[in-house]
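What follows is a single structure, written as structure tokens, with notes after it.
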Amino acid sequence: MPPQTRGSRLPKIVIERQFESEESSSESEPENEEDDGGDSEMLSEEENGGKEEEEMDVEKGKRKEKKPITISLKKVCKVCKGTGHEAGFKGATYIDCPKKPCFLCKTPGHTTMTCPHRVATEHGVVPAPRRNTQKPLDYVFERQLRANIPAIKLGHVVPDQLGAAVIRLHSRRVTCLEFHPTNNNILLSGDKKGQLGIWDFCKVNERTVYESVHRIILNSMKFNPVNDGTLFTAASDGTMCLTDLETGISDRLMDLNPNGWNGVANWRMLYGLDICWEKNLVLISDNFGYLYFLDQRSKKKVGEPVLIHKKGTKVVGLHCNPLQPELLLSCGNDHFARIWDLRRLEAGASLCSMSHGRVVNSAYFSPHTGSKILTTSQDNRIRIWDCIFGNLETPSREIVHSHDFNRHLTCFRAEWDPKDLSESLAVIGRYISENYDGVALHPIDFIDTNTGQLVAEVMDPDVKTISPVNKLHPREDVLATGSSRSVFIWRPKEKSKTEHEEVEERKYKIFVCVKEGKKGQKKLEDGSDDDDDIGDSDGCHKKGKRPKSSGKGKKVR
DNA sequence: AAACGATGGAACC
DNA sequence: TGGTTCCCCTCGTT
């Protein structure tokens with residue numbers, strides 16, 4: 001399908017200085033005649049040209065060496081700077097630069113428009129070079145590990161209808177999300193500023209943002225397994241905190257920069273965080289390749305930090321195996337994911353190193369048996385290892401999926417559906433957009449990791465920003481999304497309703513948090529007369545205060 | 001409506 | 001190894 005062309009888009013302006021010879025102005029340009037030559041022409045300064053030319057003529061003798069500026073309106077591709085084509089949005093469709101490798105699968109010769117991986121159904125899957133389930137031993141493992149796993153593939157319930165939202169809950173982009181372990185309606189969110197949001201998405205106005213838990217990027221959080229009123233958080237300010245959710249008071253358990261700022265090269269940041277319940281250890285990783293330990297009960301550092309990834313590189317993710325908590329999975333910027341045995345942990349002694357094409361954003365054991373591994377790498381591939389006891393040299397599957405690195409976005413991470421007993425469903429936001437009825441939307445993809453099939457793509461015309469952060473509820477059919485500064489809740493479509501009814505009553509509630517004096521909420525406000533939730537963000541942004549319950553539901557459309 | 005800027009990682013030397 | 005340069009679907013603000 002050919003993209004709609006936008007009628008009169010202003011071409012880029014290139015200013016060239018030239019020497020006297022007027023003829024030369026016409027020589028430099030005729031590259032861009034090809035497709036829409038109509039509006040790509042070159043103009044040598046005309047409007048003022050009239051006047052100035054006369055003046056020049058008057059004083060022609062003197063100013064012979066003048067250097068006229070020629071403004072040529074050339075279309076230049078913003079990607080490769082070449083002419084004759086132009087990358088970018090044409091309406092809601094993005095046109096790739098044909099000179100660059102495919103933005104999706106990274107192979108040259110085609111663009112995303114024609115990429116076979118774009119239509120996701122199984123085209124994305126690079127089959128395993130070697131199956132792990134061929135050996136007798138593997139069958140034993142399979143039978144032991146997956147004894148309770150349904151052999152028949154279950155139908156997945158996909159929460160694909162927008163249920164509630166808080167627009168601009170945070171003042172910077174959302175970096176992580178977590179559902180409360182016991183209270184089904186509480187969603188926690190961290191942001192780039194280090195703030196912590198707490199939202200009861202059933203009583204939508206119940207939201208709080210604690211401003212001073214951290215000073216910069218809240219990278220990960222984990223509930224305290226012995227007290228679910230408290231939360232461990234790790235941040236780029238180099239601290240790890242245990243925060244009381246009622247009061248917002250934080251206990252700083254670790255500070256890697258006790259002497260303050262000592263230059264970028266020395267500033268330590270904390271990224272990965274997980275808890276080994278068997279050893280009562282909180283595990284934290286930093287941006288220099290090290291893993292730290294903290295005793296969960298005494299809240300004291302224990303042992304010495306261990307180098308688990310290339311020195312000087314970020315260790316962005318940690319995950320303890322759900323069945324064998326002493327098995328630790330780590331991943332980082334050195335392009336590796338590694339499995340470690342916490343009982344015999346020392347630098348270089350990983351049980352296994354899994355190589356990736358680029359930075360590994362996340363690596364997770366499967367939620368029930370812990371026998372699978374799911375990783376997200378910046379090479380636009382999701383990798384799955386089907387059995388950690390098999391040969392881990394190469395992944396069992398690679399699924400091409402658009403989740404590139406962009407420094408302005410939170411890194412994408414594919415996550416398992418914790419409710420899926422077959423351990424096959426994963427969720428991840430998509431970077432590249434699709435033209436949905438004239439709107440460019442970035443869906444959230446549900447992928448069957450056994451086949452690479454796209455089970456569902458979740459989107460809504462009111463969610464126009466990219467959604468890199470997604471979390472599936474551990475018990476309910478609920479999806480939480482962090483997109484830019486906003487938080488969204490999705491639920492499954494009610495079966496009783498017809499398509500038409502759904503459209504008629506888009507019931508979800510949107511709340512807007514805006515700092516005083518800021519504009520921008522207009523679109524979401526209209527049709528509604530109660531504005532009293534606007535501006536109350538002050539109230540809900542204060543550390544230690546409960547939110548003012550002033551927000552009212554707003555229908556959109 | 002266009003311009004701007006914040007600012008991570010990789011490729012290059 | 002370290003400094004420099006470049007960069008493709010952002011997003012919110014001016």
Side-chain angles (χ1 to χ4, degrees), chain A residues 3 6-13 76-82 85-106 108 110-113 115 118 167-175 191-193 216-217 219 236 263-267 269 271 287 309-314 316 332-335 356-361 377-380 401-412 429-436 439-443 459 463-469 482-486 512-515 517-524:
Chain A
R6 239 186 325 180
S8 58
R9 198 185 168 283
L10 274 179
K12 297 263 179 187
I13 296 180
V76 174
C77 172
K78 67 179 178 185
V79 178
C80 74
K81 310 287 185 287
H85 64 276
E86 221 185 347
F89 275 105
K90 290 270 185 282
T93 308
Y94 191 91
I95 309 298
D96 262 355
C97 170
K99 301 267 164 71
K100 290 276 183 170
C102 171
F103 191 57
L104 176 54
C105 72
K106 308 297 178 197
H110 64 273
T111 65
T112 54
M113 205 58 74
C115 178
R118 182 148 189 146
I167 305 299
R168 287 206 249 173
L169 175 67
H170 289 273
S171 50
R172 289 287 181 275
R173 58 168 214 246
V174 172
T175 52
D191 73 18
K192 190 168 164 278
K193 229 177 164 184
I216 27 174
I217 317 175
N219 288 310
S236 290
V264 213
N266 297 304
W267 187 258
M269 311 189 225
Y271 282 87
N287 57 328
H309 281 264
K310 188 181 170 188
K311 200 167 189 173
T313 63
K314 268 189 213 167
V316 288
N333 281 21
D334 64 351
H335 301 192
H356 291 68
R358 294 259 229 124
V359 167
V360 191
N361 290 344
S377 169
Q378 287 175 14
D379 64 359
N380 264 2
H401 178 264
S402 172
H403 50 255
D404 272 38
F405 173 80
N406 176 318
R407 69 179 175 283
H408 310 294
L409 301 175
T410 305
C411 288
F412 292 85
R430 196 193 302 173
Y431 188 2
I432 54 172
S433 62
E434 198 73 55
N435 185 342
Y436 295 99
V439 192
L441 299 176
H442 308 264
M459 90 293 277
V463 183
K464 295 194 181 69
T465 46
I466 294 177
S467 307
V469 192
S483 190
S484 184
R485 296 143 68 165
S486 307
V512 185
C513 297
V514 193
K515 290 275 184 191
K518 294 279 164 66
K519 290 171 267 176
Q521 71 276 23
K522 198 129 189 42
K523 189 191 156 283
L524 289 168

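We name chains A, B, ... by the order of the sequence lines, and we start the count at 1 in each one. Bear in mind that the values here come from a model prediction, so they are computed numbers and not experimental data.
The nucleotide whose nearest atom lies closest to any side-chain atom of Y431(A) is, among dC9(C), dA6(B), dG12(C), dC9(C). Considering only the side chain of D96(A), dC8(C) comes nearest among dC8(C), dC11(C), dT7(B). Out of dC8(C), dC9(C), dA6(B), the shortest distance to the side chain of S433(A) is found at dC9(C).
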Filtered N/O pairs between nucleotides 8-12 of chain B and protein, under 3.5 Å:
from   : atom 1 : to      : atom 2 : distance (Å)
dG8(B) : N1     : R407(A) : NH1    : 3.4
dG9(B) : OP1    : K314(A) : NZ     : 2.7
dG9(B) : OP1    : N333(A) : ND2    : 3.2
dG9(B) : OP2    : K314(A) : NZ     : 3.0

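Ion pairing between R358(A) and D404(A) fails under the 4.0 Å rule for side-chain N and carboxylate O.
Residue I432(A) is classed as a base contact, given a heavy-atom separation below 4.0 Å to a base. Nucleic acid contact for S402(A): none, since no nucleic acid atom lies under 4.0 Å from a heavy atom of the residue. At a threshold of 4.0 angstrom between heavy atoms, the contacts of P468(A) with the nucleic acid are absent.
Under a cutoff of 6.0 Å and an axis angle of 45°, K90(A) and Y94(A) do not form a cation-pi pair.
Remark: K310(A) engages no residue in a salt bridge (Lys or Arg N to Asp or Glu O under 4.0 Å) (not counting sequence neighbours). With sequence neighbours left out, T410(A) forms a side chain to side chain donor-acceptor pair (under 3.5 Å) with R173(A). Every residue meeting the side-chain contact (heavy atoms from CB on, under 4.5 Å) condition with H408(A), not counting sequence neighbours, appears here in chain and number order: N406(A). For the side-chain contact (heavy atoms from CB on, under 4.5 Å) test, residues two or more places apart in sequence or in another chain that qualify with H442(A) are S433(A), I466(A). Listed by chain and residue number, E434(A), D445(A), E457(A) satisfy the salt bridge (Lys or Arg N to Asp or Glu O under 4.0 Å) test with R430(A) (two or more places apart in sequence, or in another chain).
Note: CH2 (W267(A)) to C1' (dT7(B)) measures 17 Å, nearest angstrom. The nearest whole Å value for the distance from the CZ atom in R172(A) to the C1' atom in dT10(C) is 14 Å. Between H442(A) atom NE2 and dC8(C) atom P there is a gap of 17 Å when expressed in whole angstrom units. Between the CD1 atom of I167(A) and the C1' atom of dC11(C) there is a distance of 14 Å, given to the nearest Å. Counting to the nearest Å, the C1' atom of dT10(C) and the CZ atom of R485(A) are 13 Å from each other. Between the P atom of dC8(C) and the CG atom of N380(A) lies a distance of 14 Å, rounded to the nearest Å. Straight-line distance from the NZ atom of K78(A) to the P atom of dC6(C): 18 Å, rounded to whole Å. Rounding to whole angstrom units, CD1 of residue I216(A) and P of dA6(B) are separated by 16 Å.
Place S484(A) and K106(A) on DNA chain C by their nearest nucleotides, and K106(A) ends up nearer the 5' end.
Proximity of N406(A) to the phosphate of dC9(C): a side-chain N or O atom is located under 4.0 Å from OP1 or OP2. The side chain of R168(A) places no N or O atom within less than 4.0 Å of a non-bridging phosphate oxygen (OP1 or OP2) of dC11(C).
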